[in-house]
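To start, the structure under review is shown below, and the notes come after it.
Residue numbers start from 1 in every chain, and the chains themselves are labelled A, B, ... in the order their sequence lines are given, proteins ahead of strands.
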Protein chains: 2
Amino acid sequence: MAGIEGDDSATVSGSTLGYALLSLLTRGPATGYQLTQQVKAPLGHFWTARHSQIYPELARLSAAGWVDSVEQAGPGPRAKKTYAVTPAGLAALRAWLVIPPTAQPRSEITLKAYAATSADPAAMAALYTDLADRSTRLLAEYEQDAARMRAAGQDDPAHPRFGNYAVLMMGVESQRAVHRWARWLASCLRTGRPVAYGEAAD
Amino acid sequence: MAGIEGDDSATVSGSTLGYALLSLLTRGPATGYQLTQQVKAPLGHFWTARHSQIYPELARLSAAGWVDSVEQAGPGPRAKKTYAVTPAGLAALRAWLVIPPTAQPRSEITLKAYAATSADPAAMAALYTDLADRSTRLLAEYEQDAARMRAAGQDDPAHPRFGNYAVLMMGVESQRAVHRWARWLASCLRTGRPVAYGEAAD
DNA sequence: CGAGACATGTAACATGTTACATGATTCT
DNA sequence: AGAATCATGTAACATGTTACATGTCTCG
């Protein structure tokens, strides 16, 4: 009904993956291959997709008129296609963005903690010590990236790549949270006694 | 090969959902219906499953010899089945627990932040203000639950329900992280200028 | 006597992973 | 010459959601 020409958006639907790809394409036109690379960081800290999922989804977005593509004779057996968001695609993205998400997070490491007392305490303690170490490394990495982005002015909401910075900051917060929790849990399992939160030794 | 009689565990496999159900059943025998309720909290903060997924999975676990069931004439058209973990099931769970998890987290709210600059700033700021409020409420709720558990001695790794406490503590950490991040992001979007982390007003 | 909890299942569909399949270009 | 990277797709399978289907028991 309303608005954009060629917009048959009575169907408001579309998968989350589709919107993720539209978000990536707002940074500029890209091929399926490039999107597969770009979904790795920083978005990949909180959202991933393989090329086998991306290519069919691009075809669906194209059929819906939310992206269009130009072909250039590529290196392989098939032509290389560069995709760009259409006005209808951008409108769909904007409409989706302001809908409050409902999806529950899923964390396998927390699920394992739920059954922690069923396993060998030393082995479980090692698991969470490793996790704490990993989060320390990731945190250092993310903080470096964040500092670089700030130097480039990406912490300004007016910067077109502000979203990259926002995602990275969530990564920083998450890794801090994981670090504190994993260190505490490892400490509990190692000592076999209750450990006050914040008093866990490394 | 080794060990438990009746154990044909050359097949080490099994789905994550299966292990989640085994973890729940280590708390004691339960019906599919009860598991559906129990998966809601605190495990549901980080793992969910509907009854339509649970019933077939219980049948698979039963076929694998990881749980066994007794039927009692139930209220409805079908008999009510109470499931319990077998020694083979417990062994499988223990083996799975110590494998470092690899699954990436998926967060729709962070994905939306990635495209934050494509939407109306006021609407996006409202989205993250709501999220900050929600995390405040959840945090208060979780902290109360945690205090109750500590009073019951569940913060002791020797307590059979220590896992419930560990999951809840991850919930506390996560909601704190989300709160700080959402408040900061809302502040950025509201003012339209870079906001130093930790200096976001409510 | 109606609403809601108790209780178990199946079917259709949507989403996501692993593996299969092909072939050019660039670097070592 | 072989490996890595560029580049696009399909098929089979695993996982998860929504909707369909049935019927009892308890409380108000």
Side-chain angles (χ1 to χ4, degrees), chain A residues 11-21 29-40 43-44 46-64 67 69-83 96 101-108 111, chain B residues 11-21 29-40 43-44 46-64 67 69-83 96 101-108 111:
Chain A
T11 321
V12 198
S13 66
S15 66
T16 307
L17 174 63
Y19 294 112
L21 296 180
T31 65
Y33 186 85
Q34 287 173 322
L35 291 171
T36 307
Q37 309 303 309
Q38 287 168 30
V39 89
K40 283 176 189 165
L43 196 55
F46 296 99
W47 198 270
T48 53
R50 307 296 172 95
H51 80 272
S52 60
Q53 211 187 345
I54 289 172
Y55 287 113
E57 185 63 31
L58 282 170
R60 278 189 287 270
L61 291 173
S62 192
V67 300
S69 58
V70 285
E71 298 200 18
Q72 303 112 0
R78 278 173 283 270
K80 166 172 128 170
K81 283 180 225 164
T82 302
Y83 292 88
W96 172 79
T102 51
Q104 303 294 318
R106 235 158 233 277
S107 164
E108 202 175 318
L111 173 57
Chain B
T11 320
V12 200
S13 67
S15 66
T16 306
L17 173 62
Y19 294 112
L21 296 180
T31 65
Y33 185 85
Q34 288 174 322
L35 291 170
T36 307
Q37 309 303 310
Q38 286 168 29
V39 87
K40 283 176 188 165
L43 197 54
F46 296 99
W47 198 270
T48 54
R50 307 297 173 95
H51 79 273
S52 60
Q53 211 185 345
I54 289 173
Y55 287 113
E57 185 62 33
L58 283 170
R60 277 189 288 271
L61 291 173
S62 191
V67 299
S69 57
V70 285
E71 300 200 17
Q72 301 112 358
R78 278 173 282 271
K80 166 172 130 170
K81 283 179 225 164
T82 301
Y83 291 88
W96 172 78
T102 51
Q104 303 294 317
R106 235 157 232 278
S107 162
E108 203 176 316
L111 172 58

Legend entry - Residue pair R50(B), V39(B): steps toward the side-chain contact (heavy atoms from CB on, under 4.5 Å) verdict: CA-CA 9 Å; R50(B) 307 297 173 95; V39(B) 87; over 6 Å; no

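- Between R78(B) and dT22(D), a side-chain N or O to OP1/OP2 separation shorter than 4.0 Å is absent.
- Of the side-chain N and O atoms in Y55(B), one or more sit less than 4.0 angstrom from OP1 or OP2 of dT8(C).
- R106(A) comes within contact range of the sugar-phosphate backbone alone, with a heavy-atom separation under 4.0 Å but no base atom that close.
- Within the structure, every side-chain polar atom (N or O) of Y33(B) is placed at least 4.0 Å from both OP1 and OP2 of dT8(C).
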Inset, instruction - May I have the step-by-step check of side-chain contact (heavy atoms from CB on, under 4.5 Å) for Y83(A) and L61(A), ending in yes or no? - result: CA-CA 10 Å; Y83(A) 292 88; L61(A) 291 173; over 6 Å; no

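- Between R50(A) and P75(B), it is P75(B) whose nearest contact on DNA chain C lies nearer the 5' terminus.
- The distance between atom CD of Q53(A) and atom P of dT17(C), rounded to the nearest whole Å, is 6 Å.
- At the heavy-atom level, T16(A) lies nowhere under 4.0 Å from the strands shown.
- As judged by a 4.0 angstrom heavy-atom cut-off over every strand, S52(B) is placed among the base-contacting residues.
- Looking at T36(B), its side chain does come within 3.5 Å of a backbone N or O of G32(B) through a donor-acceptor pair.
- Rounded to the nearest 0.5 angstrom, L17(B) CG and E57(B) CD are separated by 4.5 Å.
- Distance NE2 (H51(A)) to P (dG16(C)): 16 Å, rounded to an integer number of Å.
- The shortest distance between the side-chain N/O atoms of K80(B) and the OP1/OP2 oxygens of dT24(D) is not below 4.0 Å.
- Atom OH of Y83(A) is separated from atom C1' of dG9(D) by 10 Å (rounded to the nearest Å).
- Where T31(B) and S15(A) each meet DNA chain C at their nearest nucleotide, the meeting point lying more 5' is that of T31(B).
- One atom, CG of L35(A), and another, P of dT8(D), lie 9 Å apart when rounded to the nearest Å.
- Sorted by first and then second residue, the side-chain hydrogen bond (donor to acceptor under 3.5 Å, both in side chains) pairs with a member in residues 70-79 of chain A read Q72(A)-T82(A); sequence neighbours excluded.
- The side chain of T36(B) contributes no N or O atom lying less than 4.0 Å from OP1 or OP2 of dA7(C).
- As a whole-Å value, the separation of E57(B) CD from dT8(C) C1' is 16 Å.
- Residue contacts shown for A79(B) are limited to sugar-phosphate atoms, with no base heavy atom under 4.0 Å away.
- Q37(B) places its CD atom 16 Å from the P atom of dG4(C), with the value rounded to the nearest Å.
- Rounded to a whole Å, the CG atom of L21(A) is 13 Å from the P atom of dT8(D).
- Nearest nucleotide to the W47(B) side chain, out of dG16(D), dT15(C), dG23(C): dG16(D).
- Atom CD1 in I54(B) sits roughly 15 Å away from atom P in dC6(C) (whole-Å rounding).
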